[in-house]
Amino acid sequence: IIYNPRQLSQIFCATENGIYLSNNYGANWQLIDYQKLKTPIYALAIAQSDSSRLFGGGYQTGLYISNNSGQNWILLSNELQSQTILSIAI
């Protein structure tokens with residue numbers, strides 16, 4: 001679970017079923033971009049310099065980046081594609 005340091009009401013949670021987003025301190029959650037990403041994400045990080053930039057990683061799927069708060073994801077590196085990412089520190 002990570003929160004947006006610039007908008008404290010915004011929380012992201014990575015699960016086996018996808019990434020969930022809450023914009024009201026966790027009172028309600030919505031699933032974001034699981035079908036486009038096509039892989040479970042187990043680790044999340046948010047860039048301090050740009051709160052719409054997220055990094056995600058999963059089991060043997062590599063490292064992904066989103067520049068729009070998780071709405072779309074791009075594989076960051078083909079070399080990392082088969083690696084398991086379980087934590088991310090920025």
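At most 12 heavy atoms of other shown residues, nucleotides or ligands fall within 6.0 angstrom of atom OH in Tyr3. Taking a 6.0 Å sphere around CD1 of Ile1, one finds it holds 12 or fewer heavy atoms contributed by other residues, nucleotides or ligands.
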Side chain to side chain contact (heavy atoms under 4.5 Å, CB included) between Ile2 and Leu54, worked out: CA-CA 10 Å; Ile2 59 171; Leu54 301 176; 4.1 Å; yes

Stepwise side chain to side chain contact (heavy atoms under 4.5 Å, CB included) check, Ile74 with Leu76: CA-CA 6 Å; Ile74 301 166; Leu76 199 56; over 6 Å; no

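Between Ile32 and Gln71 there is a side-chain heavy-atom pair separated by less than 4.5 Å. Taking 4.5 Å as the limit, every side-chain heavy atom of Ile19 sits out of range of all side-chain heavy atoms of Leu31. Residues Tyr59 and Leu86 have side chains not in contact (no heavy-atom distance under 4.5 Å, counting atoms from C-beta outward).
Considering every non-hydrogen atom in both Gln48 and Arg6, the closest pair reads O-NH2, 3.0 Å. Ile41 approaches Ala14 most closely through the heavy-atom pair O-CB, 3.2 Å. Heavy-atom minimum distance, Phe12 versus Leu44: CB-CD1, 3.9 Å. In plain terms, the two heavy atoms of Ser51 and Ser69 that are nearest each other are O-OG, 4.4 Å. Of all heavy-atom pairs spanning Pro40 and Thr15, the tightest one is CB-O, 4.4 Å. Listed here is the closest heavy atom pair of Leu63 and Ile85: N-CG1, 4.3 Å.
With Trp29 as the partner, the side-chain contact (heavy atoms from CB on, under 4.5 Å) test is satisfied by one option alone out of Leu21, Ile11, Asn23: Ile11.
With no hydrogens or angles considered, a side-chain donor-acceptor pair links Asp50 and Ser52 at under 3.5 Å.
The OG atom of Ser9 lies 5.0 Å from the OH atom of Tyr25; values are rounded to the nearest 0.5 Å.
Residues satisfying the side chain to side chain donor-acceptor pair (under 3.5 Å) test with Asn24, not counting sequence neighbours, are Ser22, Asn28. For Asn68, the side chain to side chain donor-acceptor pair (under 3.5 Å) test picks out Ser66, Asn72, with sequence neighbours left out. Under the side chain to side chain donor-acceptor pair (under 3.5 Å) criterion, Gln60 pairs with no residue at all, not counting sequence neighbours.
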